[in-house]
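To start, the structure under review is shown below, and the notes come after it.
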Amino acid sequence: MVTLSSNLDFDFQKVEEKWQRRWSESRIFEADPEEARPKFYVTVAYPYPNMPQHIGHARTYTLADVYARYKRMQGYNTLLPMAFHYTGTPILAQSKRIQSNDKELIEQFKSVGVSEDVIKTFDSPLNIARYFHNDLKLGMIEMGYSIDWRREFTTIDPAYSKFIEWQFYKLKSKDYITKGTHPIGWCPSCRNPVGQHDTKGDAEPEVGEFVAIKFIMDGYYLPAATLRPETIFGVTNIWINPRSDYVEVEVGREKLILSKPAAKKFSEQQSGVTTIRELKGSSLVGKYAVNPVTGERIPLLPADFVDPENATGVVMSVPAHAPYDLLAIMDLQKHPERLKEYGLDIGVISSLKPIPVVRSPGLPEIPTLDLVQRLGLRDQLDPKAEEATKELYQREFHNGEMRAETGKYAGMPVSKAKEEIKNDLISSSKALKFYDIINGPIYCRCGSKVTVNLMSDQWFINYGDPRWKSTVKDHLSKMSLLPEELREEFENVVDWLKEKACARRAGLGTPLPWDKDWIIESLSDSTIYMAFYTIAKTLNEAKIDPSLLTPEVFDYIFLGQGDPSSLGVTRDLLEKMRKEFLYFYPLDSRHSGRDLVPNHLTFFIFNHVAIFPPQLWPRQIVVNGSVLMEGKKMSKSLGNIIPLRKAIRMYGADTLRVSILSASELLQDADFSDSLARTTKVKLQEFYKFSLRYCNTPPLSGEEFDSLDKWLLSRTQRIIEQTTYSMENLRVREAIHSSFFILQQDIMWYLRRKGSQANDERTRSVVRYSLETIIKLMAPFSPHICEELWEKFGHKGFISVEKWPEVQPSLIDERSELSEELIKSIIEDTSEIIKVTGIAPSKIYYYTSPKWKWEIYLTLLELLESGVDPKSLLREAMKNPAIRSKGGIATKFINAVSTSIVTMPKDQRKKVLSVGILDESDILSKNLQFLSEYFKSPVELVSGEAPHYDPKRKADQAMPMRPAIYIEGS
RNA sequence: GCGGGGGUCGCCAAGUCAGGUCAAAGGCGCAAGGCUCAGGACCUUGUGGCGUAGGCCUUCGAGGGUUCAAAUCCCUCCCCCCGCACCA
């Protein structure tokens, strides 16, 4: 068995536990109001405790923690709280499945490490919630999140329920709560709404709204269900499946005939439906009905494609626009004997002519005729008929308009006519709405088929309210969004949001205060809870009796309304809570996964805007993408979910934090993999080991520095600047890249360049300075390892509250940066020549630029800087007498350098200009030994002013920042 | 359909907002070399084409355009992914 030698280097678990303990003991993450200090308030969407958390959850939480840690180091009194969202139905569904000994779920729990004894207790929903609540919390602690745990709560705590009641009273008082009906997936045996987690195979039931047009027949109505009510003008007949069972039902004073399964569904959607009698489909065929719109008398004909399970089992036939209808008619025309069975005259069918009602550009008069021929459709059971129907529907819906024969709808676009005709038919009670599952069949976990129930008395939050919307949009435009690309999406969500059903019949949560049969659902009770954290500490510590938390109490705490001396809670406590709320609010940054953009995050803005005064509305939203596992989506069925706490033991918390956040930028999906984690782990350990070599080196003191020292000190400033900029925009991948990887590379280059002086005390102090900078910049990402190093470097306090590094302008040294760039580019060019020519160098000669080239070079840069067009660069330069006097040699040189000058980035151009003429001979002469060692060959510097040795006439090629090179081979 | 995101050198993926050091970071894979009894790990080098001098040519979904200069800006088209609710 091979033991990882790395275990000897850095024991992640031991060090992480040590610092987690110290953080907790020292209470550095507990934030209380400090009037003199600026605050920063960060929250992240609280978790739903029905499964262990995995690496995917960790991304959002880690990001929020990194941000909080960064802001804390910048001196803000930073608060990051956490709570647990018990509200909802999945936990309930799970406990039911445990009660019924569901093997699949039990296996799932086992596979994520839940013991059998614990699973046994999961027959109670609260036990599930409490178990995973604890598991999640431990995971957060083990990840090193800087959370103030004094503010923890669950959403079914009585105090929280009181808070939610207050929220709903507020919404109601502003008329944002409405009541209505809406269709919902429903299990007829359980008598309960059915969501995705309640179905076999976790299929989401999709509800479709049909218009059932009531054709009139001898005192009965035949409700023909359609998705295209506008085609009512083109109906030629009604289709009935002769082999199906139909029933006659009575609703109010109306008698309807529809298929047997449809009648059952109908009774779920409509009260007072009674069945009168059953009848065979065949007994209906051959009769006649009247089109309620056109008054036309049309026959009832037999068709096999009519599915009694689908909608009403009565279908109106529009052969001009529905391929199925045309095909069925053609079938009958081919088999007239079928008509005789029902006593129908053959003439009936041959007289059926398609009646066009929609005209679309590019489509013939009767589009179905063309389609049937083109696709070679044979009969009504042809599988391609489905596809043809869809295609035609799309084209006509988007491009078609109603023909002249359609009366008041003539000329109207189909998309509009459809809505109008539907509304007209329903309001004149010539039609009714009929709902059905359109992606069925879907089965409830109990085995019954899911149907549609029309929930009446449903409560909604009316996010469609135009005034409310416009205030939200207005505030949104003032909010910071990270990443900014999401703004458009948010704006669109605000636009199309309408009524949101806000209560359910079942689930954990807070009952609606004025209608206790309903429980406020989970997305509606989690919109303003960030305010609750600010008082949760006091509620927890003072053990305030929840029953005292009346709406008036919250009115005072959050809105400053009412008289604090006349409420059940003492005035002191009330004022303390109000003060704390006002200190931390508004929320500075809200973090969540991108899946919550179209719901939670938008509701969050809506509710804040509705309830709090404008100065307390949230300031920023941060959204991140999800995590992939080895390039694939994490899913239960793939079995590729690693519980977070297991991963922490495998790789260490710092490794996970850095891996997840360095894998991608905010919005992209981060691809986590074992190899990524291993690599990261090794890199962190190497950094730790390397840093330790400098922990006893004295810190930098203000003595003399050589060009290389100045270079690394200057580079370090650039890295601080870059990393801080990245952190401000939460470009975490970029921040880790520059602070950890680039700066380490620079240190290594510096040491290599220092050669024999690499162990001089001054060199070591410079390295120590850069290392300490990395430790500070990385502290938000890998806090444990950074604390450990910080301590090893002899510092007393926590790095977690150390000051974030700031750029020291005095340490920026452009001249040494340029001189190092010169060396690097010489190495690059020389290597390139050696590679291409295959010469094994016996001697390398470098020719520097003569002064006059530098002068022209700088003049050209100045010209560009002053806005001269690159095209006229040569002409402009020649206006300069000093250059003109050089004649053709100057022209030649300018042509040679112009590309590199024109393409030089602005920053670089400024840098070169501000440094002026670089003494290349001096720089090179000091580095000849290094270059000689690098290329394992003697190196000679030849002055470009008067080259004494230039057999291949290379000296002419020298350009500023780019000495000419001549290599002699053996 | 509506809305959002995206197509980069074998794969993954930076770069696009602020055009120029971009034949284009980094990782994986592949190839050669080093280390080693050997394998793994690790290190070095190479990885669009051509080239015995730091160069040239062709590339960033396709096609046009703007510009001294386009992966980056503008227009048109093609293709892929995600969300559309009452559910966390």
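Worth knowing before you read on, the calculation uses all heavy atoms, side chains too, and leaves out hydrogens, waters and symmetry mates.
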So which nucleotide does [N] pair with, by the Watson-Crick or G-U wobble rule with both distances under 3.5 Å?
N      : result
C42(B) : G34(B)
A24(B) : none
U59(B) : none
U66(B) : none
G29(B) : U47(B)
A71(B) : none
C2(B)  : G83(B)

Mark yes when over 12 heavy atoms from residues, nucleotides or ligands other than K179(A) sit less than 6.0 Å from its NZ; otherwise mark no.
-> yes
Distance, rounded to the nearest Å, where [X] contributes [atom1] and [N] contributes [atom2]:
X       : N      : atom1 : atom2 : value
M959(A) : U21(B) : CE    : C1'   : 13 Å
Q957(A) : G54(B) : CD    : P     : 8 Å
L667(A) : C17(B) : CG    : P     : 18 Å
E817(A) : U21(B) : CD    : P     : 19 Å
L676(A) : G26(B) : CG    : P     : 17 Å
L454(A) : C86(B) : CG    : P     : 14 Å
D669(A) : C81(B) : CG    : P     : 14 Å
E485(A) : G6(B)  : CD    : P     : 7 Å

Quote, to the nearest angstrom, the [atom1] distance that separates [N] from [M].
N      : M      : atom1 : answer
A32(B) : G39(B) : P     : 13 Å
G54(B) : C17(B) : C1'   : 34 Å
G51(B) : C57(B) : P     : 16 Å
C68(B) : C60(B) : C1'   : 22 Å
A18(B) : C86(B) : C1'   : 43 Å
A13(B) : G6(B)  : P     : 13 Å
G61(B) : C42(B) : P     : 33 Å
C12(B) : G7(B)  : P     : 12 Å

Quick one: label [X] by what it contacts on the DNA or RNA (base, sugar-phosphate, nothing), any heavy atom closer than 4.0 Å.
X       : value
P963(A) : base
Y725(A) : base
T89(A)  : sugar-phosphate
A964(A) : base
G88(A)  : sugar-phosphate
K500(A) : base
P905(A) : base

Just compare [options] and give me whichever is closest to any side-chain atom of [X].
X       : options                : result
E489(A) : G4(B), C86(B), G54(B)  : G4(B)
I967(A) : A53(B), C17(B), A88(B) : A53(B)
I965(A) : U21(B), G54(B), U52(B) : G54(B)
R731(A) : G4(B), A53(B), C17(B)  : C17(B)
V836(A) : C86(B), A53(B), A85(B) : A53(B)
K498(A) : U47(B), U52(B), A85(B) : A85(B)
Q668(A) : G4(B), A88(B), A14(B)  : A14(B)
P870(A) : G4(B), A88(B), C68(B)  : C68(B)
L596(A) : A88(B), C68(B), G83(B) : A88(B)
D869(A) : G4(B), C68(B), A85(B)  : C68(B)

If the cut-off is 4.0 Å, is [X] near the phosphate of [N], judged by side-chain N/O to OP1 or OP2?
X       : N      : answer
S898(A) : C68(B) : no
R962(A) : G55(B) : yes
N492(A) : G4(B)  : yes

[X] and [Y]: aromatic ring centres closer than 6.0 Å?
X       : Y       : value
F84(A)  : Y46(A)  : no
Y847(A) : Y966(A) : no
F460(A) : H182(A) : yes

Are E499(A) and T178(A) close enough that a side-chain donor and a side-chain acceptor fall under 3.5 Å?
-> no
Parallel, tilted or perpendicular: ring planes of F604(A) versus H600(A), cut at 30 and 60 degrees | parallel
Any idea how Y845(A) and Y949(A) line up, ring-wise: parallel (<30°), tilted (30 to 60°), or perpendicular (>60°)?
-> tilted
Any idea which heavy atoms bring V623(A) and L486(A) closest together, and the distance?
-> CB-CD1, 3.5 Å
Using the six-membered ring of W749(A), assess whether NZ or CZ of K824(A) lies under 6.0 Å from its centre and within 45 degrees of the ring axis.
-> yes
First encountered from the 5' end of RNA chain B, between Y966(A) and E665(A) = E665(A)
